[in-house]
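Keep in mind that the numbers below use all heavy atoms, side chains included, and drop hydrogens, waters and symmetry copies. For clarity, every value in this text was computed on a predicted model and none was experimentally measured.
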Amino acid sequence: MSNPPPVRPMWPLYAAGFTTAFGAHGIAANLGVFSDDAVTSLLVLGGLLALYDGAEVLLKPLFGTLADRIGARPVLIGGLVAFAAASLVYVVADSPGWLWAARLGQGAAASAFSPSASALVARLNPAVKHGRAFGSYGFYKSIGYTLGPLLGGVLVWAGGLRLLFIVLALLGAAVAVWAGLAVPVVPPLPKTRQTVLDLVRRLAHPAFLGPTGALAAATAALSVGVGFLPVTGRQAGLGTIATGAAVSLLAAAAAVVQPRAGRALDDGRLSSRAGLTAGLAVTAAGLAAAMLPGLAGVLIAAALIGAGTGLITPLGFAALAASTPPERLGQTMGSAELGRELGDAGGPLLVAGIATVATLTYGFGALALLLAAGALLAAVHFRGGARARDA
């Protein structure tokens with residue numbers, strides 16, 4: 001049995017996760033506030049926000065497959081270099097038109113290095129350590145989501161949107177150099193020929209659909225919590241400090257729970273299926289709590305949504321890694337990230353659509369029911385599988 005790899009190669013992967021989260025939320029949270037010259041309407045703002053996620057939806061599976069073919073390390077480093085270069089586009093040009101190109105380039109680059117980092121987390125750690133590894137990776141990604149709006153806002157306030165892009169360019173370049181020095185070469189593994197039908201069968205298997213569906217649901221709830229809990233707070237007469245604290249509580253809860261969930265999985269105290277079921281139930285309870293009026297409802301919702309998504313994320317990725325042939329990890333992680341992006345977009349759209357014809361309370365309730373139904377189906381499937389094994 002081989003010894004676990006040293007911790008040092010993991011740190012650039014954690015930094016890559018932080019970079020994609022910080023880049024996504026740092027700019028998105030400040031575009032509509034500090035860039036009147038570039039964002040002239042809500043339609044323009046929506047387009048700029050969609051560029052990053054749209055590029056990820058289209059390209060993550062492709063780059064994941066490329067990582068399997070040529071190795072995840074060069075795709076990781078190339079994506080980080082491209083992220084730095086795309087950020088420099090706006091730094092050099094500093095014009096509204098080039099902001100679109102820079103944002104599209106950042107999304108495309110993140111599509112390369114994000115699934116590659118996930119694949120390397122799995123390849124560089126033995127299966128018995130996947131829970132801890134993905135828990136730590138998710139922790140640093142959550143830190144990026146938390147600091148993005150806050151630190152991004154400070155940078156834009158101090159030096160405009162251009163300063164934020166300068167910091168992102170330097171961050172991408174620094175992490176690329178770090179990865180080049182610290183991440184070992186992980187050669188692609190030989191693999192049997194795969195037809196399109198083989199791919200469809202593998203991605204349609206419950207071992208892929210279950211964890212990916214849970215990850216998509218968690219991302220949907222997280223996006224809804226970050227986007228709409230402040231709206232609920234303002235409707236209840238709460239100030240910006242209170243609503244900001246609620247969003248920070250959500251991110252902090254997710255960051256705290258993820259490493260602990262990973263350790264529990266590795267130690268055998270929690271199975272991935274039971275943990276995903278519990279995570280969906282806790283997240284659904286958080287969305288239901290968002291229907292309660294006042295500060296108590298907002299804070300309870302933030303804590304439960306953060307804890308539920310923090311439970312789902314490392315267990316979902318560890319389950320995917322455990323059920324995937326090592327030579328197909330990049331493809332699986334890229335496809336799973338696609339599911340998360342669809343949840344990221346679909347959750348807010350569902351809640352906003354229902355809120356338009358009814359109220360935001362009904363929007364929270366609808367998403368809570370969907371996640372509760374998912375938890376119930378997972379629990380029934382879990383019990384059925386257990387009975388089949390005992391028979």
Report yes or no: do L164 and V92 belong to one cluster of Ile/Leu/Val/Met/Phe/Trp/Tyr joined by side chain heavy-atom distances under 4.5 Å?
no

Short side-chain to backbone donor-acceptor contact, T359 and A355, under 3.5 Å
no

Decide side chain to side chain contact (heavy atoms under 4.5 Å, CB included) for L276 and L311; before the verdict, give the C-alpha distance in whole Å, the side-chain angles of both, and the deciding distance to 0.1 Å.
CA-CA 7 Å; L276 292 175; L311 187 58; over 6 Å; no

Is there a path of hydrophobic side-chain contacts, each under 4.5 Å between heavy atoms of I, L, V, M, F, W or Y residues, that connects V282 with V298?
no

Taking side chain as C-beta onward, heavy atoms only, is M10 less than 4.5 Å from S136?
no

Stepwise side chain to side chain contact (heavy atoms under 4.5 Å, CB included) check, L161 with L99
CA-CA 10 Å; L161 198 61; L99 177 61; 4.0 Å; yes

If we ignore hydrogens and angles and just use 3.5 Å, is the side chain of R260 paired with the main-chain N or O of V256 as donor and acceptor?
yes

T19 vs L168, side chain to side chain contact (heavy atoms under 4.5 Å, CB included): CA-CA, chis, key distance, verdict
CA-CA 8 Å; T19 300; L168 290 174; 5.7 Å; no

Using modelled atom types only, decide if a donor and an acceptor are shared between the side chain of H130 and the backbone of A321 within a distance under 3.5 Å.
no

Do D266 side-chain atoms and G131 backbone N/O form a donor-acceptor pair below 3.5 Å?
yes

Check: R340 and T313 side chains under 4.5 Å, non-hydrogen atoms:
yes

Side-chain (Q106) to main-chain (F83) donor-acceptor, under 3.5 angstrom:
no

Compare all side-chain heavy atoms of L376 with those of L280 and state whether any distance is below 4.5 angstrom.
no

Apply side chain to side chain contact (heavy atoms under 4.5 Å, CB included) to residues L270 and L315 and explain how you reach the verdict.
CA-CA 9 Å; L270 181 67; L315 301 185; 3.7 Å; yes

Among F18, Y14, F134, which residue meets the ring-ring contact (aromatic ring centres under 6.0 Å, His included) test with Y140?
Y14

When clusters are formed by joining ILVMFWY residues with side-chain heavy atoms under 4.5 Å apart, either directly or through shared neighbours, do W11 and I77 land in the same one?
no

Just wondering, do P211 and F317 contact through their side chains at under 4.5 Å, heavy atoms?
no

May I ask you to test the V75-F113 pair for a side-chain heavy-atom distance under 4.5 Å?
no

Any donor and acceptor pair, going by atom type alone, linking the side chain of R123 with main-chain N or O of V186 inside 3.5 Å?
no

Does Y362 share a hydrophobic cluster with V224, counting links as ILVMFWY side-chain heavy atoms below 4.5 Å and allowing steps through other members?
yes

Hey, quick one: are L155 and V89 part of the same hydrophobic cluster, counting side-chain heavy atoms closer than 4.5 Å, chains of contacts allowed?
no

